[in-house]
Amino acid sequence: MSNSWYEKTALEIRDAVRAKKVSALEVTDSCLKRIEEVDGKLLAFIDVWADAARKQAQAVDAKIAAGKDPGPLAGVPIGVKDVLCTKEGTTTCCSKILKGYRSPFDATVIERLAEAGAVFPGKLNMDEFAMGSSTENSSIQRTRNPWNLDCVPGGSSGGSAAAVAGHECAVALGSDTGGSIRQPAACCGCVGIKPTYGRVSRYGLVAFASSLDQIGPFTKDVTDCALVMNTIFGRDPKDSTSADIPVPDFTKALTPAVKGLRLGLPKEYYTDALGAEMRDKIQAAIKVLESLGAEIVEVSLPHTDYAIATYYIICTAEASANLARFDGVRYGYRAPGVANVDEMYRKTKSEAYGHEVRRRIMLGTYVLSSGYYDAYYLKAQKVRSLIRRDFMDAFKQCDVIVTPTSPTPAFKIGEKTADPLEMYLSDIYTISVNLAGIPGLSMPCGLTASGLPAGLQIMAKPFDEETLLRVAYTYEQKRGFEMGMPAALRG
Ligand code: GLN
């Protein structure tokens, strides 16, 4: 049997495993070997769980041997962003402050995927506490882009994107607060979805900005995305913000049919900020959908210009509250040799948090402080309502909104680290989706002249992931190219 199981999609793996054409153990071994071969270049994994993964695979094989149903993701290797609590290994958000922290429980998504027969090869690198767009804020390592090892993989879920694009695992989990699934998916050339707020339980997701955070998958194609959504979506009594809305079988939405569907193009997104090459790629993708009968309508999202400012007030405010718990008392790192409790807090936090996390905590504390609360935080909440209303109005004229995912392809490592504002602008097209709470998906729409993936973003009405998937699937079927093996890993 072929030993290149690592190259297969989740669907191919689970079908083959269920049909006993390959054992889950063989698939796992193929994936572990692949990690051994390429992760020295990519640095996507921060911890590989070879023994645990093999045991999980053997349990799937045992179920099959006993004639039991091994689940809809039988034997599929799924990498896990280090922001999700797992009983296996440590959960650190790639922060020194959580170094060595072991979670006593699994996040709900992990439980559901395990139940569905998935195998977990290990934990993936990320920007510290998911704050960043390049994965360079990790306290552990700098992940590389599989298409060009000198470039970043995007972020904050850069490890997840690089691992899937580099064929180290069929699927990976990420989290998206302002773009952290879609932007790295775009940079690395894979599919990534930020579900509607409330679709996926956040239980066991270490909180960054609770009103914006959602968990979602990175996959090699749209079909795999639907498969994983079937398993992780749905109400969880452990997360009161998870929505009690029925979860359809998303694979049924995978039909190439966009005739009569209205694609909205927001005029505020197609400005000079978007480079010519990116614009051409997006327009070519839109042409494909148009040639299949989709209708193009120009829409307006008039408050787009305020999205970044609004996001950086709300997310920092929430982060400053959420991160208060990491105080050196209950979890992880504690500064040694301190004289009193005040010094302990001060030293622990300033020694263990990186620059970006400290910047966010300070900004968040500032916008929440008395005298500034009304001017910043309250105002931002009001603008957030206007941004959501923009989308609801636009969706009266269209069924989905189609935009670029990111204004540029992946940039060079170190290129934007000196200028946080430059870095924040990477998310100019993704942030509004989180503020509005709607679903957004990124998928590849080609390679630039320098060989880097370009990402197409599709947004839909709240809880209308089915229409979103239908458009994505149609484009994928008809776009006329395969992403294939990333350049830097060929040969
Ligand atoms: N890059 C954005 C930020 O730094 C988004 C991060 C995310 O979605 N977790 O906040």
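Order of listing sets the numbers, starting from 1, for every ligand and every atom in it.
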Check: G178 to ligand 1: N or O pair under 3.5 Å?
Finding: yes
Check: Among the heavy atoms of C315, does any lie under 4.0 Å from an atom of ligand 1?
Finding: no
Check: Do any pairs count as a salt bridge (charged side-chain N to carboxylate O under 4.0 Å, His left out) and have a residue in residues 158-178, sequence neighbours left out, and if so which ones?
Finding: D176-R182
Item checked: Distance-only polar pair, side chains of E128 and Y353, donor-acceptor under 3.5 Å -> no
Checklist line | Part of S156 with heavy atoms under 4.0 Å of ligand 1, whether side chain, backbone, both or neither | finding: side chain
Next item on the list: Would you kindly say whether K81 and S160 are connected by a side-chain donor-acceptor distance under 3.5 Å?
Entry: no
Check: How long is the gap from CD on E356 to CE on M423, to the nearest 0.5 Å?
Finding: 8.0 Å
Notebook entry, point to check: Numbering the atoms of ligand 1 from 1, which are under 4.0 Å from a heavy atom of Y311?
Noted result: 2 (C), 3 (C), 5 (C), 6 (C), 10 (O)
Item checked: Atoms of ligand 1, numbered as shown, that sit under 4.0 Å from any heavy atom of A130 -> 6 (C), 7 (C), 9 (N)
Notebook entry, point to check: Do T92 and K123 get their side chains close enough for a donor-acceptor pair, meaning under 3.5 Å?
Noted result: no
Note to self: One residue to check: K81. Relative to ligand 1, which of side chain, backbone, both or neither has a non-hydrogen atom less than 4.0 Å away?
What the structure shows: neither
Next item on the list: Would you check the N or O atoms of D176, main chain and side chain alike, for any that come under 3.5 Å of an N or O of ligand 1?
Entry: no
Next item on the list: Please verify whether a non-hydrogen atom of M423 lies at under 4.0 Å from ligand 1.
Entry: no
Check: Side chain or backbone of T177 under 4.0 Å from ligand 1, or both, or neither, by non-hydrogen atoms?
Finding: both
Next item on the list: Consider every N or O of G179 and every N or O of ligand 1, then say whether any pair is closer than 3.5 Å.
Entry: yes
Note to self: Can you name the atoms of ligand 1, numbered from 1 with element, that are less than 4.0 Å from a heavy atom of G132?
What the structure shows: 1 (N), 2 (C), 3 (C), 4 (O), 6 (C)
Next item on the list: Give the residue and atom name of whichever protein heavy atom lies nearest to atom 1 (N) of ligand 1, and the separation in Å to one decimal.
Entry: D427 OD2, 2.6 Å
Note to self: Salt bridge or not between D419 and K416? Use side-chain N to carboxylate O under 4.0 Å.
What the structure shows: no
Checklist line | Main-chain N/O of F208 paired to N322 side chain as donor or acceptor, under 3.5 Å | finding: yes
Notebook entry, point to check: For ligand 1, which atoms sit closer than 4.0 Å to a heavy atom of F208?
Noted result: 9 (N), 10 (O)
Check: If you count the non-hydrogen atoms of other residues, nucleotides and ligands that lie under 6.0 Å from NZ in K96, is the total more than 12?
Finding: yes
Checklist line | Mode of Y312 contact toward ligand 1 - side chain, backbone, both, neither (heavy atoms, under 4.0 Å) | finding: side chain
Give every donor-acceptor pair under 3.5 Å between a side-chain atom in residues 276-283 and any protein atom, sequence neighbours left out.
from, atom 1, to, atom 2, distance (Å)
E277, OE2, A449, N, 2.5
R279, NH2, T271, O, 3.0
K281, NZ, L447, O, 3.0

Notebook entry, point to check: Where is the nearest protein heavy atom to atom 6 (C) of ligand 1: which residue, which atom, and how far?
Noted result: S180 OG, 2.9 Å
Checklist line | Any side-chain donor near an acceptor of the partner, D236 and S201, under 3.5 Å | finding: yes
